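Only a predicted model underlies this, so the values are computations on that prediction, with no experimental measurement involved. Just so we're on the same page: letters track the sequence lines, and every chain starts at 1.
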Amino acid sequence: MLPNRFLENLLRESLAQHLPDADTASVLVRPCPDPQFGDYQSSALISLAKERKLNPRQLATDIASKLALPDWAKVEIAGPGFLNFRLSPSILEESLRSAMRGEHLFFEPTRKPRTVVIDFSSPNVAKPMHVGHIRSTILGDCLARVFRLLGDAVIADNHIGDWGTQFGKLLVGWKEHLDQSALQADPITELERLYKLVNTESEKNPDVLERARSELVKLQNGDPENLGIWRQMIALSQRQFDEIYGRMGVRFDQTLGESVYNPQLKSVVQQLLGAGLARETEGAIAVFFERFPDLKPHPALIQKSDGAFNYMTTDLAALQYRMETWSPDEIIYVTDGRQQLHFKQLFAIFRGWQPECQVNLKHVWFGAILGEDGKPFKTRAGDIIKLSDLLDEAETRAFEIVSAKAEERASRTAADGGLELSQAERKEIARLVGIGAVKYSDLLPNRQSDYVFSWDKMLAFNGNTAPYLQYAYARIRSIFRRLETEESVTDLLQSAATSRLNLSIAEEITLVKHLLNFGIVLEAVADEHRPNYLCNYLYDLAGLLTKFYETCPVLKAEGDTRLARLVLCHLAGRVLWQGLQVLGIEALEKM
RNA sequence: GCGCUCGUAGCUCAGUUGGAUAGAGCAACUGCCUUCUAAGCAGUGGGUCGUGGGUUCGAGUCCCGCCGAGCGCGCCA
C-alpha cells in the first residue's frame, strides 16, 4: 500500500475510536503544499474539532499520540491543528523496489470497480467534424482512459446525429444536384455543398422548401429510396469519422445513431403523459417542473406541435436504453457548457420518470475555444475550422519545427555523431508531436474556462506543453539506449527489485516523493473529471526530472548510486509514459 | 428580467473537503553547452487575486451587494 493511503487509513481508524460518530471519509491525507512542513498533511481534525466545540490542537495531539505509526513515518502537530507527516528514506526506497517488482506504478485501483457510460464526441452525419467536436472528443476519450486505468468498466458511447430536418434538404440535393465524381473524391464536402445549395435555394423559393419537407416525411415514413440514400450518407460519414478517430487514437465501444431510438420515442412520451409529468401545451407536449424552483420557468418540450420528437425525447430514450443494456453506476455526458439547462432538464425528467433508478448522471461541460482575437475560433474567412484541416496543420507545423531543431542540433553536435533523425522518423515524430500538442492544449486548461487556441504556444518546447513532456521522456529513453550497448538493461533493472537503492541528493528525493503522488492525482482526475490536474502533475514531473539530470549524472555514477538513479529514470519514465497514455498522447523514443 | 460561468503578474493561464509565505509559461534582464538530447537549467524584476461588506483561528477559494465580460432561457441540437 502506498504511504499516503496507509497513513490515511491509520488516521481514520484512530479517529473512529476517538470520535465514533465522525465521518471518517472526510479525513484526507494530502501532499503538503510546502515541503518544509513535511511530506503529507491532514487538516481534517481542525474542522472536526470545531464542529464539536473541542480544542483543535488538543484533539490533534490526542489522536496523533495514539496513532500506531510504522517506523518509516513521523507525525507533528502544527499551527491550529494540522497533522504533518514525514516519511523516512527507507519507505521511499522500498516504494521504488516494490514498483520495480511490478507491484504498482504509484497508483492503485482502490475503489470498487464501477460501470461507466461516457457519451462524447457526437458528430453529425453529412457534416464535417470541426473544432466544435474537438473538446468533447479529447476530454471524453481521456476520461474513458483514466477510468479504465483505475479499474472501471467503461462504455465509450458515440451518439451520432443521424436524424433531423436537415435530411429533407440533403435528399433534395442528392436527387437533383448530386455530382458523383465529387462524391467519390470527397463525400463530406459534396454533401455539405448539396446542403448549402438547397438551403440557399429554399430561402428564395418556397417550392424547394416544400420538396424538402415532403422528402423528409417520406424518409420518416420508411420510403425505401430515401432510406437507401440516407443509409449511404451515414456510411460515407462514418468513414470520415473513422479516419479522424484513427488519427486521434480515439476509440468507441458503441456507436449508435439517434435514429436507433425512434421506435421508442412515442412510448417515452406516452409514459411521461401517463405518469402526469408531461402535458399538452399549445399543441406540443412539454414537461413542467413544478417541484424544481430553478427549472420552473423552463419547461422542456418532448413532442413538437407537428407531432415530431426532438433532442430531449431521443436523449430520454437513449438513457433508458443504456440503463437496460449496461445498468451503469454512472453516465457522463461530455458537451459544451451551453447545454447545461438541457441536461438539468433531462436528469430531472428521468428522476421523475424512473425514481427508483440509482444511476449517477453527470454533465461534464466545457468552455469555448477562442481565436487569438478572443472571439470564437474560426478561419480568417470566418468559416468553421474542419478537424481534418486542424490536424493537418498541426502535423505540418510540427514537422517544420522538428526538422529545424534536428538540423540545428546536427550542426552543433556533428563532431560526435549526436542524434540523427531520418526523414521518415521526423515525419512520424511530427505526427505524434502535432496531434499530442493539440490534445494537450485542450486538456491543460480548466475545462470550464474558455481558452485561446494558439499554435505557437501548444507547439513550444518550453512551458507546459505536450512536446516538453515528450522531450523529457525521450531524454530518459536516450539514457537507456546508451546503456543498452554496454549491458543488459533487463538484468540490471531486475536486480534493483531487491537491492539497496541509495538516495542522497535532494533532487532524487523530491523526484521519488512526486512519483508517490501519481495515484492521488489520477483519482482527483476521475472524481472531478478534470484532466488538467494530470497535465500539471506531469509538467511538474518533467521539470523535476530535468532538474535531476542537471545535478545527478546517471551513467557516470557508480555502484548503488548509479543503480538508484537508473531506477528513478526508469520509473519516472514509466509514470510519464502512463500519464501521457491516459491523456491520449503518445510518448516518443526519440525527438 | 432570470439562470450558468468567469474576473489572479504587461500577455496566456494554474491554483485539490477553505489551510500555512498566491504559482507557471511568454515577454524583459543575467549566467550556464569539449560533460547522459541546451527542444534544457539556474537566477532577477513584476500581484491591494474586479470591487465593497460578511462568515472563520484562517478566504483567490464560502455567503451577500455592486461593476465588467461570455453564454443560455418551449417547438434547433
Side-chain angles (χ1 to χ4, degrees), chain A residues 25-28 30-34 36-37 41 43-44 46-47 50 56 78-82 122 124 161 164-166 258 281-287 294-295 297-306 308 310-312 314-315 335-342 344 365 367-368 370 372 374 401-402 404-406 408-409 412-413 415-416 418-419 444-446 448-452 454 456-457 460-465 467-468 470-472 474-483 520-521 524 527-528 530 532-533 535-536 539-540 543 546-547 549-551 553-556 569 590-591:
Chain A
S26 70
V27 174
L28 300 178
R30 298 177 160 271
C32 275
D34 186 330
Q36 74 171 0
F37 298 120
Q41 67 159 246
S43 58
I46 305 173
S47 48
K50 299 282 281 188
F82 290 105
S122 311
N124 295 310
T165 50
Q166 74 272 26
E258 301 175 85
T281 168
E282 295 168 39
I285 295 172
V287 176
D294 53 330
L295 291 179
H298 305 289
L301 287 184
I302 52 171
Q303 186 168 5
K304 301 195 277 182
S305 53
D306 66 0
N310 61 13
Y311 183 37
M312 184 63 78
T314 310
D315 271 357
T335 82
D336 75 83
R338 291 175 302 187
Q339 297 188 46
Q340 286 173 83
L341 179 59
H342 169 77
K344 275 186 192 168
W365 61 268
L370 307 175
E372 305 216 33
I401 294 169
V402 167
K405 294 289 180 187
E408 183 190 315
R409 186 167 49 215
R412 195 173 57 227
T413 57
D416 69 340
L419 173 73
L444 176 63
N446 180 324
Q448 288 177 332
S449 47
D450 296 348
Y451 80 93
V452 175
S454 162
D456 291 338
K457 279 185 185 148
F461 292 86
N462 44 16
N464 196 348
T465 66
Y468 177 83
Q470 289 169 317
Y471 174 64
R475 285 180 76 177
I476 295 175
R477 299 306 305 152
S478 176
I479 288 177
F480 284 98
R481 264 199 309 280
R482 284 178 187 265
L483 182 64
I520 297 173
V521 172
D527 289 345
E528 296 185 42
R530 291 188 192 278
N532 62 312
Y533 294 160
C535 295
N536 287 319
Y539 178 57
D540 290 340
T546 47
K547 279 164 201 146
Y549 286 138
E550 296 291 323
T551 38
V554 177
L555 294 175
K556 292 197 175 91
C569 287
K590 294 180 185 177
M591 66 187 284

Return the stacking result for [N] and [X]: yes when the ring centres lie under 5.5 Å apart and the planes under 30°, no otherwise.
X        : N     : result
A:Phe37  : B:A20 : yes
A:Tyr471 : B:U37 : no
A:Tyr539 : B:A24 : no

So, A:Asn310 side chain and A:Leu301 main chain: donor-acceptor pair closer than 3.5 Å or not?
-> yes
Report the residue (A:Asp336 or A:Phe461) whose heavy-atom-nearest nucleotide on RNA chain B is the more 5′ of the two.
-> A:Phe461
Whole Å only: how far is the CG atom of A:Asp450 from the P atom of B:C11?
-> 18 Å
By salt bridge (charged side-chain N to carboxylate O under 4.0 Å, His left out), which residues pair with A:Arg481, not counting sequence neighbours?
-> none
Using a 4.0 Å heavy-atom cut-off across all strands, classify A:Asp294 as base, sugar-phosphate, or nothing.
-> nothing
If you look at every strand shown and take non-hydrogen atoms under 4.0 Å, does A:Asp527 touch a base, only sugar-phosphate, or nothing?
-> nothing
Distance-only side-chain donor-acceptor flag, A:Tyr311 / A:Glu258, under 3.5 Å = no
Can you tell me which stems involve RNA chain B, if a stem is defined as three or more consecutive Watson-Crick or G-U wobble pairs, both distances under 3.5 Å?
-> B:1-7 with B:67-73, B:10-13 with B:23-26, B:28-32 with B:40-44, B:50-54 with B:62-66
A:Lys304 side chain N/O closer than 4.0 Å to the phosphate oxygens (OP1, OP2) of B:G74?
-> no
